[in-house]
Amino acid sequence: MLRAKVIGNVWASRRLEQIPAGAFLEVEIDGGAKLIAFDVLGSGIGETVLVATGSVAASWFPGPVSPPIDALIIGSIDPVPSTTDTNTATSRKK
Amino acid sequence: MLRAKVIGNVWASRRLEQIPAGAFLEVEIDGGAKLIAFDVLGSGIGETVLVATGSVAASWFPGPVSPPIDALIIGSIDPVPSTTDTNTATSRKK
Amino acid sequence: MLRAKVIGNVWASRRLEQIPAGAFLEVEIDGGAKLIAFDVLGSGIGETVLVATGSVAASWFPGPVSPPIDALIIGSIDPVPSTTDTNTATSRKK
Amino acid sequence: MLRAKVIGNVWASRRLEQIPAGAFLEVEIDGGAKLIAFDVLGSGIGETVLVATGSVAASWFPGPVSPPIDALIIGSIDPVPSTTDTNTATSRKK
Amino acid sequence: MLRAKVIGNVWASRRLEQIPAGAFLEVEIDGGAKLIAFDVLGSGIGETVLVATGSVAASWFPGPVSPPIDALIIGSIDPVPSTTDTNTATSRKK
């Protein structure tokens, strides 16, 4: 999986009919590469997420036919207090 | 999925018989890499699209045997008015 | 799919038995990366081809068991007269 | 497979329900790229492991439905005392 | 497939039980990237081989369940006398 940060929404009104309910979110991977991942968890902009890529993303969807989705947000990474990651650690301060 | 811009057509008269009806379009991904994606949506040159890659592209096609297609345009990304993306935003000007 | 140019043959006398009839061709992708693709179309050195990669290459082969082939030439790209691509355009000269 | 070193844990409390028991470990591949791999072997930080990526990771899990896991630690690489692995180049000196 | 040179062995005593008989070999791809490929052909260090990656590697193994193997040596590339590939041609000198 890839650790990525959600940076935006993407809308595609004209699209293949087999695409399920959910959102296309643009995510930025460590290093700067960008992907469009499908989201069913309601992830928000700025959130750090776990993205699975390839056919495992499509296989997650139930039903006999898999949708043409090759990147899926499978979880939201918990923020951890950290001396090296000050951006995500500040929420625990008092 | 990858966000990409359609930059050209590719014709392959001599090809495997299992390739379905549709077009081969050359697309350029953010960062400059190029791919040939299969299109069944009638996408045009200059359009920004969503490309799914890998076996999910082949699996989208109905029938017992999947064609040897590893990149499929699954949607056309809606243009959004944006201060940072002046190329796609100018179509809404009056 | 990748647009690539055939640059050589590769022979592998000692190999897994499940490899079908056809040729291993070395191809160079735009940007300089090289792959070995399987060819059943009789593609020749210097030809520009369309290469599908991943499991869709294996799935193309008929039969209950797919061979361990992860790159397949699926078509030969038609040469187009072009002002920017003089290499492929010269074959129509008389 | 990729040779990688475990460099940390990742927790994702909010995640898809289909994710099996096990740990998400962050691993660093030779060259510096980072991945999140799923671990069922109890691998620890600092350990050098073998990571399989893609759909084979999901297929390893038993049951009719594969989880959306695209990277799996399949083994722990044995540490080897080695004269040739200090830099791999020094053995040719005379 | 990738053309690669076998550069070492990798042992993983602690590993998933589903890994079949064979060897893990470290290979170096043109350009310098390294992979760990599974070998059932008895390939030796220094040999130039053809590596298939992805799920086709796992699918090659017989039986109802595919092992979590994502890179398989499918053949040994025949050495060819070549004016441009002096590295592989000089090894027979005494």
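Residue numbers start from 1 in every chain, and the chains themselves are labelled A, B, ... in the order their sequence lines are given, proteins ahead of strands.
Contact of C:Ile19 with chain E is made through the side chain alone, with heavy-atom distances under 4.5 Å. At a 4.5 Å heavy-atom cutoff, the contact between E:Leu72 and chain C is made by side-chain atoms alone. The contact between E:Val40 and chain C is made entirely by side chain atoms (from C-beta outward), counting heavy-atom distances below 4.5 Å. Using a 4.5 Å cut-off between heavy atoms, E:Thr53 touches chain C through backbone and side chain atoms alike. Of the atoms belonging to E:Ile74, heavy atoms from both backbone and side chain fall under 4.5 Å from chain C.
Highest contact tally toward chain E, considering only C:Ala57, C:Ser13, C:Ala33, is held by C:Ser13 [criterion: heavy-atom pairs under 4.5 Å]. When E:Asp30, E:Val51, E:Ile73, E:Leu50 are compared by the number of non-hydrogen pairs under 4.5 Å with chain C, E:Leu50 comes out ahead. Note on C:Ala58, C:Ser55, C:Gly32: by heavy-atom pairs under 4.5 Å with chain E, the leading option is C:Ser55.
In this structure, C:Lys34 and E:Arg3 have side chains that are not in contact, with every pair of non-hydrogen atoms separated by 4.5 Å or more. Using a 4.5 Å heavy-atom threshold, the side chains of C:Ile69 and E:Val56 count as separate. At least one side-chain heavy atom of C:Asp70 sits less than 4.5 Å from a side-chain heavy atom of E:Met1. At a threshold of 4.5 Å between non-hydrogen side-chain atoms, the residues E:Trp60 and C:Leu16 count as touching. A heavy-atom distance below 4.5 Å is not found between the side chains of C:Val10 and E:Asp78.
Listed here is the closest heavy atom pair of C:Arg15 and E:Leu41: C-CD2, 4.1 Å.
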